[in-house]
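Computed from a predicted model, the values in this text were never measured in an experiment.
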Amino acid sequence: MEIAAISSVSVAPQSRRVSNAFFRKIGSVSSLSFGILEKEYCFKSTSLRVSAAASMDAVTADKFSPASFLDKRETGVLHFVKYHGLGNDFILVDNRDSSEPKITQEQAAKLCDRNFGVGADGVIFAMPGVNGTDYAMRIFNSDGSEPEMCGNGVRCFARFIAELDNLQGKHSFTIHTGAGLIVPEIQDDGQVKVDMGTPILKAQDVPTKLPGNKGEAVVQAELFVDGVSWNVTCVSMGNPHCITFGKKGGPNLKVDDLNLPEIGPKFEHHEMFPARTNTEFVEVLSRSHLKMRVWERGAGATLACGTGACALVVAAVLEGRADRKCTVDLPGGPLEIEWKQEDNHIYMTGPAEAVFYGSALL
């Protein structure tokens, strides 16, 4: 696989931008890194020489809008825009002309590789709407698996559609996902507010093999992981989540002290979760302020997880630890989450930003 990419990087708030174009063949480049100075943009590689214009007015992001850049139809070339939501990053593909993804799950996994590909937590496809919705969304994780939904991804999806259609100001869309209907709304300030629907609490629908201990819900149940007893609450936001505030009988979690790469996979692949699970480790700062680290099913440790932030607020309310409206601190930044009592829906508000535009030769 070969990758050609065009990227635009902001070097100062609300000011100048520098753009570069680079081309590299995967397999012949052992490493590629770049540094940004006030008027320099430089690459270092043991096997590739790259030169780039240092002029600050060389190219601006405006010249590489999704609408113009993605309107290329070369055979064997995948055009994309990379976005991130609080560091949870995705390759966005305009797939509105087909109900089948333009690349395979294996190709998606290669593109997501951070050493030999573009680098991302997943590939998201903007597809034609079904069942009366405006659009449909599918996503392949970095390991090639397909989750039902992604909260940070759907915010990126909304911004991607708005740029493709050159929509300005406040707009909302209906999106069909594997988790059902999702309705994001772009706010006047560029943030995206998403109606994430209602949480699923029934154990067998999460799914988990843990027996319901609060009606049919699993709330503060005991889960043995590698011989250690944890208290967990299970919630589905269309995808499964296991939320823990600490070990049974132990102190509340200090999430920065966790060895996440060690403990995360043990939760994800636990026999009590037949579809595997996303796991949120949560520290309570106050009744309206929570801090989490996440191990995502199929992606590992990520900087943010929107559905996870929603699920943990539900868990915190069910366990009596927090109010229904919370700020959730993730490694990539904060999300605002509200579980409204009136309609039982969860609303998530946060940013989504374009990073660069690129092409992959498949």
Side-chain angles (χ1 to χ4, degrees), residues 84-89 121 150-152 199 206 208 210 213-214 217-237 239-270 272-273 276-339 346 348-351:
H84 81 88
L86 298 178
N88 197 191
D89 55 346
D121 291 321
C150 174
N152 288 312
V206 170
T208 178
L210 290 168
N213 61 350
K214 189 172 182 180
V218 176
V219 180
Q220 275 188 300
E222 188 173 29
L223 178 71
F224 283 94
V225 180
D226 224 15
V228 178
S229 176
W230 294 75
N231 281 330
V232 302
T233 294
C234 298
V235 178
S236 173
M237 293 302 305
N239 55 353
H241 293 270
C242 173
I243 302 97
T244 181
F245 295 86
K247 297 173 183 176
K248 188 173 180 64
N252 290 335
L253 273 179
K254 298 293 183 185
V255 294
D256 290 336
D257 297 337
L258 282 173
N259 186 343
L260 196 56
E262 179 182 356
I263 192 65
K266 295 175 182 178
F267 275 84
E268 178 185 355
H269 297 281
H270 198 285
M272 289 293 104
F273 303 109
R276 297 188 291 161
T277 190
N278 303 280
T279 309
E280 286 74 39
F281 300 89
V282 190
E283 181 176 341
V284 179
L285 303 178
S286 75
R287 290 193 62 84
S288 61
H289 196 179
L290 307 171
K291 181 178 182 180
M292 89 172 197
R293 292 180 68 190
V294 60
W295 183 268
E296 288 198 55
R297 179 187 59 166
T302 61
L303 295 179
C305 177
T307 55
C310 294
L312 77 85
V313 169
V314 172
V317 172
L318 293 176
E319 292 192 21
R321 299 177 185 270
D323 300 326
R324 286 178 169 263
K325 189 173 184 178
C326 294
T327 298
V328 178
D329 286 344
L330 305 97
L335 285 173
E336 300 300 325
I337 309 295
E338 183 176 10
W339 183 19
I346 303 174
M348 169 189 64
T349 304

Trainee: Could you check D329, D323, T327 and say which one makes a side chain to side chain donor-acceptor pair (under 3.5 Å) with H289?
Mentor: D329
Trainee: For A322 and L290, work out which heavy atoms get closest and say how close.
Mentor: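 Looks like CB-CD2, 4.3 Å.
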Trainee: Sub-3.5 Å donor-acceptor pair from the side chain of R324 to the main-chain atoms of E338, do we have one?
Mentor: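 Judged by distance alone, no pair lies under 3.5 Å.
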Trainee: Return yes when atom NZ of K254 has more than 12 non-hydrogen atoms of other residues, nucleotides or ligands closer than 6.0 Å, and no otherwise.
Mentor: no
Trainee: For a quick test of reading the model, state the closest non-hydrogen atom pair linking V313 to C326 and the distance between them.
Mentor: CG2-CB, 4.1 Å
Trainee: Could you tell me whether a side-chain N or O of T208 sits under 3.5 Å from a main-chain N or O of M272, the two making a donor and an acceptor?
Mentor: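 It does hold such a pair.
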Trainee: Apply side-chain contact (heavy atoms from CB on, under 4.5 Å) to L86 and L335, showing your working.
Mentor: CA-CA 9 Å; L86 298 178; L335 285 173; 3.5 Å; yes
Trainee: Heavy atoms only: give me the nearest W295-P265 pair and the separation to one decimal.
Mentor: CZ2-CG, 3.4 Å
Trainee: With a 3.5 Å distance limit and no angle check, can you tell me whether N88 reaches the backbone of L303 through a side-chain donor-acceptor pair?
Mentor: no
Trainee: Between L260 and R293, what is the shortest heavy-atom contact and its length?
Mentor: CB-NH2, 3.6 Å
Trainee: What's the spacing between N152 CG and T302 OG1 if we round to 0.5 Å?
Mentor: 7.5 Å
Trainee: How many angstroms lie between atom CD1 of I243 and atom CD of E319, to the nearest 0.5 angstrom?
Mentor: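 Going from the CD1 atom of I243 to the CD atom of E319 covers 8.5 Å.
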Trainee: Is the shortest side-chain N to carboxylate O distance from E268 to R276 below 4.0 Å?
Mentor: yes
Trainee: Applying the ring-ring contact (aromatic ring centres under 6.0 Å, His included) criterion to F267, which one of F224, F273, F281 satisfies it?
Mentor: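 Single pass found, and it is F281.
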Trainee: Between F245 and L253, is any pair of side-chain heavy atoms under 4.5 Å apart?
Mentor: no
Trainee: When you measure from the side chain of D89 to the backbone N and O of D121, does any donor-acceptor pair fall under 3.5 Å?
Mentor: yes
Trainee: Does some side-chain heavy atom of N252 sit less than 4.5 Å from a side-chain heavy atom of R321?
Mentor: yes
Trainee: Should V219 and N213 be marked as a side-chain contact (heavy atoms from CB on, under 4.5 Å) after you check the CA-CA gap, both sets of side-chain angles, and the distance that decides it?
Mentor: CA-CA 7 Å; V219 180; N213 61 350; 4.2 Å; yes
Trainee: Give me the atom names and distance for the closest heavy-atom approach of S229 to E222.
Mentor: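 Closest heavy-atom pair between S229 and E222: OG-OE2, 2.7 Å.
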Trainee: So which atom in E280 and which in C305 form the shortest heavy-atom distance, rounded to 0.1 Å?
Mentor: OE2-SG, 4.3 Å
Trainee: Any chance you could measure L318, atom CG, to K214, atom NZ, to the nearest 0.5 Å?
Mentor: 5.5 Å
Trainee: Hey, does the side chain of N278 reach the backbone of R297 with a donor-acceptor pair shorter than 3.5 angstrom?
Mentor: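 Such a contact is found between N278 side chain and R297 backbone.
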Trainee: With side-chain contact (heavy atoms from CB on, under 4.5 Å) as the test, would you mind laying out the steps for W230 and T279 before giving the verdict?
Mentor: CA-CA 12 Å; W230 294 75; T279 309; over 6 Å; no
Trainee: Determine whether the side chains of T277 and H270 contain a donor N or O and an acceptor N or O closer than 3.5 Å.
Mentor: no
Trainee: Ignoring hydrogens and angles, tell me if any N or O in the side chain of E336 forms a donor-acceptor pair with the backbone of T349 under 3.5 Å.
Mentor: no
